[in-house]
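Before any comments, here is the structure.
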Amino acid sequence: MDVIDETGTTVTGTLNYFDPDLPRGRFDLVEPERNLMQFAAHDMPIHDLRDTPATIEREGFMLARHTSKVARDPEMLDTNLVAQNGLPAINQAYYDELLPLIERISGAREVIPQATGLTVRFSARSQRQSWAGAAGFIHLDVTTSSVQRFLDFSLEAAGRPIAPYSRFILFQTWRAVSDPPQDNLLALCDRRSVARSDVAWYDAIIGDKGTALESVEARSCRYSPDHRWFYASAMGAEDVLVFVGYDSADPDGVQPFHTGFDVPGLADAPPRASLEARFFAFYD
């Protein structure tokens, strides 16, 4: 398949876990002064996927190879510095490029992009920032109560009927669009290593009041030494991480928690820029 297996290394990175004493959090991009997100930092070993490959079926994520003509086009960053409610041509072009990869990895009958699912981010050290800062804490982006809204938006945006389905999976993708080495990369947790009792809940406020995205329920994670973390070092132009964000066949199941983290020894490396896109895959 599209797994990359090269020699890598394990690093010890500082990861921000959900505060064990906080019953529920609030992550507010609209009124940041109302944030209620307390964290407990823990140093964790993070294994390089180039040394220890993972699979979608097992850990819930993989490192794939994909060639894009538009991902590193300056227009991609410029266009997506602000949130896009529509679908700019360059965003559509990127979705079209990625679609065959997600179809192949998912084995699904049909795949469509998640509307509003394309996001550009920069590491905290970057002077340039987009509307969505790099997430520096462990999280899952959706739950059963919030994924339906994104699915409804996406089905409407598809502009064509989707045949009845019995299952859908949200696949998320993440790639660096700045050259290696990067100062900050994405860490992913083997979903088999996280107990359901480790899961915590928070509300992400990402839209204006009165809009459908005013509040989106999401999940974070409390610390356990059993968690197994992975990353892909020195991500090149053809490296892309693909992971499961939600599976309707296991609606309350744990999928790969993830977070940005500062790569040890690379504080002086150029600030990371990254590009995310999400897709819904449908099964009979």
Close side-chain approach of D141 and Q172, heavy atoms under 4.5 Å: yes

CG-CD distance between L87 and Q92, expressed to the nearest 0.5 angstrom: 4.5 Å

Neighbour count >12 (heavy atoms, 6.0 Å) for atom CG, D268: no

Check: G60 main-chain N/O paired with Q255 side-chain donor or acceptor under 3.5 Å: no

Reported CD1-to-CZ distance for the pair I56 and F243, which is rounded to 0.5 angstrom: 9.5 Å

Electrostatic pair R167:D247 at N-O distance under 4.0 angstrom: yes

Test item: side-chain donor near acceptor, S274 and R272, under 3.5 Å: yes

Closest heavy-atom pair and its distance - V254, F257: CG1-CE1, 3.8 Å

Student check: side-chain heavy atoms of L118 and L275 closer than 4.5 Å: yes

Heavy-atom closest contact (F171 atom, A281 atom, distance): CE1-CB, 3.7 Å

T173 side chain to A277 backbone, donor-acceptor under 3.5 Å: yes

Single-linkage hydrophobic cluster V82~L77, side-chain heavy atoms < 4.5 angstrom: no

Qualifying residue, where the test is ring pair (Phe, Tyr, Trp, His ring centres under 6.0 Å) with F137 and the options are F27, Y17, F18: F27

Atom CD of Q127 with >12 non-hydrogen neighbours under 6.0 angstrom: no

Heavy-atom closest contact (T259 atom, G136 atom, distance): OG1-C, 3.5 Å

Within-4.5 Å side-chain heavy-atom neighbours: R128 and L81: yes

Under 3.5 Å donor-acceptor, R121 side chain and G133 backbone: yes

Short side-chain to backbone donor-acceptor contact, E110 and E103, under 3.5 Å: no

F282 and I112, any side-chain heavy atoms less than 4.5 Å apart: yes

Backbone of A115 reached by a side-chain donor or acceptor of S154 within 3.5 Å: yes

Non-neighbouring partners of L266 that pass side-chain contact (heavy atoms from CB on, under 4.5 Å), sequence neighbours left out: P181, V263, A269

Partner set under side-chain contact (heavy atoms from CB on, under 4.5 Å) for A40, not counting sequence neighbours: P20, H42

Spatial distance of atom CH2 (W174) from atom NE2 (H258) [nearest 0.5 Å]: 11.0 Å

Under 3.5 Å side-chain donor-acceptor pair for N91 and Q84: no

Minimum side-chain heavy-atom gap F279-V242 below 4.5 Å: no

For V111 against R160, the heavy-atom pair lying closest together: O-NH2, 4.1 Å

Basic-acidic side-chain contact under 4.0 Å: R24, E217: yes

Check: H139 side chain, Y202 main-chain N or O, donor-acceptor pair, under 3.5 Å: no

Residue pair L186 / F61, side-chain heavy-atom distance below 4.5 Å: no

Under 3.5 Å: donor-acceptor pair, side chain of R109, backbone of Y165: no

Pair D48, S233: side-chain N/O donor-acceptor within cut-off below 3.5 Å: yes

N184 and F122: CA distance, side-chain angles, deciding distance, side-chain contact (heavy atoms from CB on, under 4.5 Å) verdict: CA-CA 9 Å; N184 183 285; F122 301 87; over 6 Å; no

Test item: N35 side-chain N/O and M37 main-chain N/O as donor-acceptor pair under 3.5 Å: no

Those residues that, when tested against T144, pass side-chain contact (heavy atoms from CB on, under 4.5 Å) (two or more places apart): Y246, P251, D252

Heavy-atom side-chain proximity of Q38 to L36 below 4.5 angstrom: yes

W229/I138 under side-chain contact (heavy atoms from CB on, under 4.5 Å): CA gap, chis, key distance, verdict: CA-CA 11 Å; W229 288 92; I138 296 164; 3.6 Å; yes

Considering all heavy atoms, the nearest H227-C221 contact: CE1-SG, 3.5 Å

Gap separating the CD1 atom of I46 from the OH atom of Y231, nearest 0.5 angstrom: 8.0 Å

Residue pair M62 / A54: nearest heavy atoms and the distance that separates them: CB-O, 3.7 Å

Between OG1 on residue T52 and CZ on residue F230, distance to nearest 0.5 Å: 6.0 Å

Backbone of T143 reached by a side-chain donor or acceptor of S146 within 3.5 Å: yes

Backbone N/O of A200 and side chain of S220: donor-acceptor pair under 3.5 Å: no

Ionic contact status for R219 with D198, cut-off 4.0 Å: no

Flag side-chain contact, heavy atom, 4.5 Å: R175 against D239: no

Audit row: E156, D152, side-chain contact (heavy atoms from CB on, under 4.5 Å) steps and yes/no: CA-CA 6 Å; E156 181 179 354; D152 291 344; over 6 Å; no

Between H47 and T10, a side-chain donor and acceptor under 3.5 Å: yes

Check against side-chain contact (heavy atoms from CB on, under 4.5 Å), R149 and V142: CA-CA 10 Å; R149 267 179 278 173; V142 297; over 6 Å; no

Y95 side, atom OH; Q114 side, atom CD - distance, nearest 0.5 Å: 7.0 Å

